[in-house]
Amino acid sequence: MSTLRFHAVKASLERKPLKIKENQRRSEIFGENVFNEVSMRQYLTKTALNSVLEAIEKGTKIDRIVADHISTGMKEWAITKGATHYTHWFQPLTGATAEKHDAFFETIGDGLAIEKLGGNQLVQQEPDASSFPNGGIRNTFEARGYTAWDPTSPAFIYDKTLCIPTVFVSYTGEALDYKTPLLRALQAVDNAAVAVCKYFDKNVKKVNASLGWEQEYFLIDSALATSRPDILLTGRTVFGHSPAKGQQLDDHYFGTIPGRAMSYMRDLEHQCMLLGIPVKTRHNEVAPNQFELAPIFEEANLAVDHNSLLMDVMKKIAERHNFTVLMHEKPFAGVNGSGKHNNWSLSTNTGVNLLSPGKTPMSNLQFLTFFINTIKAVQTHEELLRAAIASASNDHRLGANEAPPAIISVFIGKQLTNVLNELETVTKGKLSPKEKTDLKLNVVGKIPEILLDNTDRNRTSSFAFTGNKFEFRAVGSTANCAKPMTILNTIVAKQLMDFKIEVDELIEKKEMKKDDAIFNVLREYIKTSKAILFEGNGYSDDWEKEAEKRGLSNNKTTPEALKIKKAKSTIDLFESLGVMNSVESLARYEIEMEDYIHHMQIESRVIGDIARNHVVPTAVRYQNILIENVKGLKTIYGDQFKNYAKAQLGLIENISTHIEVIDSSVTEMTNERKISNKETTLESKADGYCYKVKPFFEDIRYHCDKLELMIDDGIWPLTKYRELLFTK
Ligand code: ADP
Ligand code: MG
C-alpha cells in the first residue's frame, strides 16, 4: 500500500497545468451547443417555434404534428454540430443524471440509411428503467417508466449527443424523478404569487422562481485521490490526522488560484459557456484545495438542470486535468466542508424582483409582503426545510467548521429587523389616515433601495436574506437542487395562498381597505414568526438551548430529520398543492432512508477494511521493527538496555493498546451492522446504523489517526492529509 502512496505522490509532483486554448470571446460561444431561441429561429418553422415558446411561457401542450417538425429541426441542428446520437436526459432519484443513447441512424431498406429523429422519439421514450430507485411505486413485474420532453429546458449537445431534458414518470403517472415535482411546485408558487401580486399590480401574469446556486468542491490530484480506498468508495476520507497546517492561516481563501486549478477552471468554464451554463464567479474557498463556482441566476428549473449537468461536466473535465473532484459535503475532517448555497427569489413577468425593495412605498409594501410571507413559510415548515437538505453526507457537515447548524433559522439583518419591529405595532383593525401615511413615509418608505447591512458574512445562518434574495445555505454540495427547491417553493406557495385568503376575508367581512388588511395580516405574521429569526452565532450552545425554548427543531441526524417527510401534515401539504400525491411523497421518504442506510453500510465496511487490512498490519510491521531494535539494544547493552530503549518500549506498548481497541471496535461495529441489517423496518435499520454503527466511526478513526502519528512515515499506507490538501 505505501508503495501506492509514494507512486501517487511522485505522479502528482510531475504534473503541469494543461494549456487551455481560448481564442473566442465567451459571449460569442455562449450557448453554442444549446438549441436555444436563436437556433430554433434558424431551424424551426414559425408555427413550430411559436408552439415551443408558448409551451415555455404558458405551459401549453405541443401537438404531435408540430412535434414532428420540431424534432426534425432539432436533429438537423444537432447534426451540423457533429452529434450522432440523442438521448432523453433525466434525473432519477439516484441523485445522478441518467441517459440512454440512441443513434439518429436508421436503415430504410435496400442497404440505405438516413438520420432520423421523429416527433414521438422527441416527446416520449421508454428507457429500461427497472433498476432506478422507485421507493415501491412500481412493482418489479411492472418495472416500466417513461421519459417525456420538458420543453422549458432547452436541448443541448454534450459529447456528440443531443440531450433532451425530460421528466421521468411511471406508467401510472407517478413521478420517478426530481424534476416532475419541482415543475409542479414552480407552477404552484407561480399561481399563488400571481394572485398576491394582483393586490399591487394587475398586469402581473406570471411569477418565476429564480435560483442561483454556488457550487463548492475540492480538487485533489487524481493519483492521490485514487490511492485512498475511502475516497474512491465513499468520496470522503474516513481516516487521516490533521496536518501541521490546516486552514488556520486563511491563506487560501480568495488567494491566487493555483496554476493547475486555474487551467481546470478555464476548461470547465469554456464547456459551461458552450452548454449555456452562465458561470460567472470562481474563487478559492476557505479550506486548502477547496474552490467555488457560481453562475448568474436563472429560472429555477433551468438552474437545477444546469447544476446537475455541471456536476457531470466537472467530473469529466477533471479527468483531463488529472484531478478528482470531491463534491462530498465533508471530505476532510478539521477543515471546512462544501455546501451549495441556493440563492432564491421570485420575479414577475413585468421584471420586478419581489424580494427586492423598490423605489416607492407601494412597491415596498409588495416587497414586505413577499419577504414576510417567506419568513412565515420557513417558520411554519422549518422542520420540513431541514428534511430537504438531509443526507448521510450532509450530516457530517452541518454544525461543523463554518457550516450552518441543523437548526433552521432566518437571518434578516438589522435594518429589516427594525422595520418588522415597527410594523408589529400597527393598530389592529382599520388604520387611521395619519397612521397609514406615517407608515408609508417613515417605515415602509424608508426601506433603503439597497440593503447594505445584509452583506452578512455570518455563515452559521441556514437561511439568510442577502439584500434581494434569500440564501438557503444548509444545502449540501452533492445535493440535487430540485429537492430543496421543490420544498421551498411549495411552502412559500402554501403560505401565499393562506395570506390571500386572510387578506380577502378582512376586505370582504371586515370591510377593510386593501392596505389596511395587508398591514393587519402582516402584523400578525411578524408576531407569530419571531421564533425563526436569529442574528447570532449559530454554533453556540446557547443557540441550541435558545432554539429549543423557541420550539425549533434540531434534528441532527438524517433518520431524525426525514421523519417529517412521512408525517400526515407533509403528505397533505404536497397533495393539496398538487406537487406530489401520497405515493410519491412516501416513495421519496423510503428512497432517502434507503440511501442513508446504504451510505452508512458502505462507510462502515470501508472503515473496517482499512483499519484491519491496512492500518493494523502496518502498525504490526512497525512494532516488529521496534522489537528488533530493542533486541539489538539488549545484545549491545545487556541488562542496561532499558536505559536506551525507553521510547521504543513505550511505543511498542502504545501500539498494542491502539491495535487492541481498533480490533475490538471493528468487531463490535461489524456485529452492530449485522443486527441492523436484520431489522425489518426502514426506521429501525436506519436508527441502528445511525446510533449503533456510526458511533464506532469516530472511535476507530481516533486510534488509527493516533497510529499515523507514531508510525514511520515511510511505511504508512494511507496518503496523508498534507499530501492530499497541499499538492497543487
Ligand atoms: P455571495 O453570496 O458569494 O456574496 P452573490 O450574493 O453575489 O455572492 O451571488 C451568489 C449567487 O446568487 C449567484 O449565483 C447570483 O447569480 C445569485 N443571485 C443574485 N441575485 C439573485 C436573485 N435575485 N435571485 C436568485 N439568485 C440570485
Ligand atoms: Mg453566497
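Indexing begins at 1, ligand by ligand and atom by atom, following the structure's order.
Ligand 1 places these atoms under 4.0 Å from at least one heavy atom of I296: 16 (O). For ligand 1, the atoms lying closer than 4.0 Å to a non-hydrogen atom of E471 are 2 (O). Close contacts between ligand 1 and E214 involve ligand atoms 2 (O), 3 (O), 10 (C) [criterion: under 4.0 Å to a heavy atom]. Remark: ligand 1 atoms within the under-4.0 Å shell around heavy atoms of P295 are 13 (C), 14 (O), 15 (C), 16 (O). Every atom of ligand 1 with a heavy atom of N353 under 4.0 Å away is listed here by number and element: 23 (N). Interface of N468 with ligand 1, defined as ligand atoms under 4.0 Å from a residue heavy atom, comprises 23 (N).
Shown here is K198, whose NZ atom has more than 12 heavy atoms of other residues, nucleotides or ligands within 6.0 Å.
Ring geometry for Y264 against H321 counts as perpendicular: the plane angle is over 60°, on a 0 to 90° scale with 30° as the lower cut.
Here the shortest heavy-atom distance to atom 17 (C) of ligand 1, taken over L293, N343, T281, L211, belongs to N343. Looking at S345, S356, S347, it is S345 that brings a heavy atom closest to atom 24 (N) of ligand 1.
Between D395 and K330, none of the side-chain N atoms (NZ, or NE/NH1/NH2) sits under 4.0 Å from a carboxylate O, so this pair counts as no salt bridge.
Remark: D542 pairs with no residue by the side chain to side chain donor-acceptor pair (under 3.5 Å) rule, at least two apart or across chains. The side chain to side chain donor-acceptor pair (under 3.5 Å) test applied to T348 returns T350, not counting sequence neighbours.
Annotation: cation-pi geometry not satisfied between R236 and F332 (NZ/CZ under 6.0 angstrom from ring centroid, within 45° of ring axis).
For E292, no nitrogen or oxygen atom sits less than 3.5 Å from a nitrogen or oxygen atom of ligand 1, counting backbone and side chain alike.
Partner of S338 under the side chain to side chain donor-acceptor pair (under 3.5 Å) criterion, out of E285, E216, Q290: Q290 alone.
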